[in-house]
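First comes the structure, then the notes that go with it.
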Amino acid sequence: MPVSATNWADEVDGEDQPQSFTDANGITTTIEYKTNEDGKKVKVTRRTQKKLIHDVVNKAAAARKKWPKFGKEKGKPAGPDSATTNVGDNIKLKLSSTGQIVQEVDEKHEAMKQQLQNKKILCRICKGDHFTTKCPYKDSLGMEDAGSSSTPAAEEAAPEEQQPGGKYVAPHMRAGAAGPKDRDSMREKRDEQPTLRVTNLSEDVTEADVSELFSRFGHMSRVFLARDRETNICKGFAFVSFTMREDAQRALEAIDGRGYDNLILRVEWAK
């Protein structure tokens with residue numbers, strides 16, 4: 001018996017409807033037909049399995065999950081929608097107000113509280129039961145008495161800081177301390193070292209690269225590469241100090257104008 005056109009259309013429409021069934025293992029298989037970008041009809045099969053997990057959550061978090069959706073999600077069922085939401089890994093964060101650090105702080109606080117429990121506040125001026133800053137006699141003779149009651153250690157240290165005339169002596173001017181002349185001489189010795197300034201370095205250059213580039217010309221005493229404090233990226237210049245001036249001169253003549261890491265290096269004497 002020939003099939004009518006109406007019955008044939010009903011069969012085709014029935015195939016386009018999604019079909020789902022569940023097996024004995026609880027795995028649900030959903031089959032649906034879609035049309036891809038090339039206009040071809042494709043079959044899409046999804047297999048899902050539901051697993052019931054019991055977990056203890058915060059009451060406030062559980063209440064937020066029951067809030068009705070709003071905006072473009074208004075009226076949709078609870079849970080994330082795959083069309084508008086990307087679900088990532090479930091990261092559980094449990095915050096506790098009674099952690100080990102808090103317990104240690106509480107124990108120290110209680111111990112200090114017990115030590116100060118039997119002690120009384122004693123003013124250094126009038127020996128009263130109030131703080132020294134709130135003493136009513138701090139503007140009178142009490143401050144003179146407090147100033148006169150200096151510790152023996154301060155009295156012993158006074159002769160070292162004062163001259164026989166009673167004048168204050170700065171720490172760098174005392175006996176045995178390095179004076180300005182000594183510091184100037186140290187700075188002059190450091191500046192006497194032949195130092196080259198290298199510019200036009202790339203951001204990927206490291207101190208090891210600069211040392212490898214200049215070590216073939218002689219012994220180096222110091223290599224400094226300028227870096228950004230936040231990003232730690234090379235700023236584009238460095239300083240190289242040699243022990244011998246002849247070695248520094250040979251390095252300057254050989255590397256100045258040389259290509260390195262797609263850039264032309266500029267080497268000159270540091271000022």
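The first residue of the sequence shown is numbered 1, and numbering continues consecutively from there. None of these values were measured; they are calculated from a predicted model.
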Side chains of Thr206 and Arg227: closer than 4.5 Å at any heavy-atom pair?
yes

Can you find a pair of side-chain heavy atoms, one from Thr29 and one from Thr45, that are under 4.5 Å apart?
yes

Atom [atom1] of [X] and atom [atom2] of [Y]: how far apart are they, to the nearest 0.5 Å?
| X | Y | atom1 | atom2 | answer |
| --- | --- | --- | --- | --- |
| Thr243 | His219 | OG1 | NE2 | 5.0 Å |
| Ile31 | Gln19 | CD1 | CD | 6.0 Å |
| Ser221 | Gln193 | OG | CD | 4.0 Å |
| Arg64 | Lys66 | CZ | NZ | 13.5 Å |

Does Glu268 CD have over 12 foreign heavy atoms under 6.0 Å away?
yes

Residue Gln49 excluded, over 12 heavy atoms near CD under 6.0 Å
yes

Answer yes or no: is there a donor N or O on one side and an acceptor on the other, between the side chain of Asp38 and the main chain of Lys40, under 3.5 Å?
no

Is there a donor-acceptor pair under 3.5 Å between the side chain of Asn58 and the backbone N or O of Ala60?
yes

Residues Thr30 and Ser20: side-chain donor-acceptor under 3.5 angstrom
no

If only side-chain N and O atoms count, and only distance matters, is there a donor-acceptor pair under 3.5 Å linking Thr22 with Thr28?
yes

Please list all pairs passing the salt bridge (charged side-chain N to carboxylate O under 4.0 Å, His left out) test where one or both residues lie in residues 238-255, with sequence neighbours left out.
Asp247-Arg250

Under 4.0 Å between a side-chain nitrogen and a carboxylate oxygen: does that hold for Lys43 and Glu32?
no

NZ/NE/NH1/NH2 to OD/OE distance under 4.0 Å, Lys235 and Asp228:
no

Apply the hydrophobic cluster definition, ILVMFWY joined by side-chain contacts under 4.5 Å directly or through others, and give me every member besides Val57.
none

Given a cutoff of under 4.5 Å between side-chain heavy atoms of I, L, V, M, F, W and Y, with clusters grown through shared members, what are the other residues clustered with Val210?
Leu196, Val198, Leu201, Val205, Leu213, Phe214, Phe217, Met220, Val223, Leu225, Val240, Phe242, Leu252, Ile255, Tyr260, Leu265, Val267, Trp269

Does Arg222 make a cation-pi contact with Phe239, if we ask for NZ or CZ under 6.0 Å from the ring centre and within 45° of the axis?
no

Nearest non-hydrogen partners of Ala248 and Pro194, listed with the distance
CB-CB, 3.9 Å

